[in-house]
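Only this structure's heavy atoms are used, side chains among them; waters, hydrogens and symmetry mates stay out. So that the names make sense, note that chain A is the first sequence line, chain B the second, and so on, each numbered from 1.
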2 protein chains.
Amino acid sequence: MLSKKTKYAINALVYLAREQSKAPVQISKIAESERIPRKFLEAILLDLRNAGMLSSRKGKTGGYYLLKSPDEINIAEVVRLFEGAIALLPCVAHKYYERCEECKNEEVCGIRDVFADVRNETVNMLKNATLSNILERERTLENDSAEKS
Amino acid sequence: MLSKKTKYAINALVYLAREQSKAPVQISKIAESERIPRKFLEAILLDLRNAGMLSSRKGKTGGYYLLKSPDEINIAEVVRLFEGAIALLPCVAHKYYERCEECKNEEVCGIRDVFADVRNETVNMLKNATLSNILERERTLENDSAEKS
DNA sequence: TATAATTCCTATTGGATTAATAGGAATTAA
DNA sequence: TTAATTCCTATTAATCCAATAGGAATTATA
């Protein structure tokens, strides 16, 4: 399961992508709209800023805005930032690789082989899930549900 | 990431599948071979037994053995038993479904749509990963590494 | 029947992580 | 100068993780 922090981060990013405004959006506006505890969101946005996805303006009329374009920010990056590895086992992670201490021979481990496949597939899907892609999905879902009624 | 408990459980199950012996295997033998803390493994095997994957014999010459056949036990079951949902968001879990409290409209959520795809693909792969399949993968990996040298 | 070896069961523990909250410093527009 | 904002550090309560402790119950066998 993703932590709330990660979920909140994704929601905040999608919100900013949806806004499309050049003007910075205030933390409290995002917090209210996305139902995220204000102070918690503050810390999350700071992390996203330090990671180069967002930028901010301080002081009165300050706030946050996307630094990269919505098709350059993907969910894989965001998950890695807050959760660490995407892989389910450390021995199949790329960026956060670590040997399993209890493992006898990594090269011929069938368990590792399974979770390597899972990792590759997941990373692929999450890399394709850019903010633009998510907005597109939303539009499709909205059309589908409109048709149905 | 999977917890150590889940990893240990999978290792113990694969070990028992590899053994193929009808006679029960003692906890301490599995613990030693798979490098799992003995007492911790005890609790894990109990859980696997209560879940119907293993059975045990008590007393002297007691131990654990597979109750189901190795192609009837898959990793999806094991992960669900120890981790709960396989899904990365509660709102796309099947067995452990829960609404995301902060979500405004689940039906048209693009984020949910992404993680539903990830869940489906992961569950598929983990269901296909039976103990038999894992042993088969091991054999393939061993052949590959033998050829190379 | 006594004994040794095993599983079964409950409780406890230290440490890490999660999800927040608190308070105030720094910055900036008006 | 003031009001509104972001920035930054510290703290907290609750939960979960990984493991350990101790002994009861069970069973083969000498």
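Between the NZ atom of B/K7 and the P atom of D/dC17 there is a distance of 14 Å, rounded to whole Å. Rounded to whole angstrom, the span from the CZ atom of B/R57 across to the P atom of C/dA5 amounts to 17 Å. As rounded to whole Å, 15 Å separates atom C1' of D/dT20 from atom NZ of B/K4. As rounded to whole Å, 9 Å separates atom P of C/dT21 from atom OH of A/Y8. Look at CE on B/M1: it is 12 Å from P on C/dT18, rounded to the nearest Å. Atom CZ of B/F82 is separated from atom P of D/dC16 by 17 Å (rounded to the nearest Å). In this structure, A/Q26 places its CD atom 11 Å from C1' of D/dT6, rounding to the nearest Å. Look at CD1 on A/I27: it is 10 Å from P on D/dT5, rounded to the nearest Å.
Proximity of residues 33-50 of chain B to DNA chain D (heavy atom under 4.0 angstrom from any strand atom) is restricted to B/P37, B/K39, B/F40.
Checked for salt-bridge contact, B/E42 and B/K39 meet the test: a charged N lies under 4.0 Å from a carboxylate O. Salt bridge status for B/K5 with B/E83: absent, with no side-chain N to carboxylate O gap under 4.0 Å. Of the charged side-chain nitrogens involved, none lies within less than 4.0 Å of a carboxylate oxygen, so that B/R99 and B/E106 do not count as a salt-bridged pair. Between B/R137 and A/D117 there is a salt bridge, since a side-chain N of the basic residue sits under 4.0 Å from a carboxylate O of the acidic one.
Between C/dA29, C/dT7, D/dA18, one nucleotide has an atom nearer to the side chain of B/Y64 than all others, and that is C/dT7. For A/K58, the side-chain atoms get nearest to D/dC7 when compared with the rest of C/dA5, D/dC7, D/dA18. The side chain of A/S56 approaches D/dC7 more closely than any other nucleotide in the set D/dC7, D/dA3, C/dA19.
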(message) Run B/V25 and B/Y64 through side chain to side chain contact (heavy atoms under 4.5 Å, CB included) and show every step you take.
(response) CA-CA 5 Å; B/V25 182; B/Y64 280 91; 5.9 Å; no
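The only member of B/L45, B/I73, B/L67 that meets side chain to side chain contact (heavy atoms under 4.5 Å, CB included) when paired with B/L54 is B/L45.
In terms of position on DNA chain C, the residue among A/T61 and A/E83 whose nearest nucleotide sits closer to the 5' end is A/E83.
Applying the 6.0 Å contact sphere to NZ of B/K127 captures no more than 12 heavy atoms from other residues, nucleotides or ligands.
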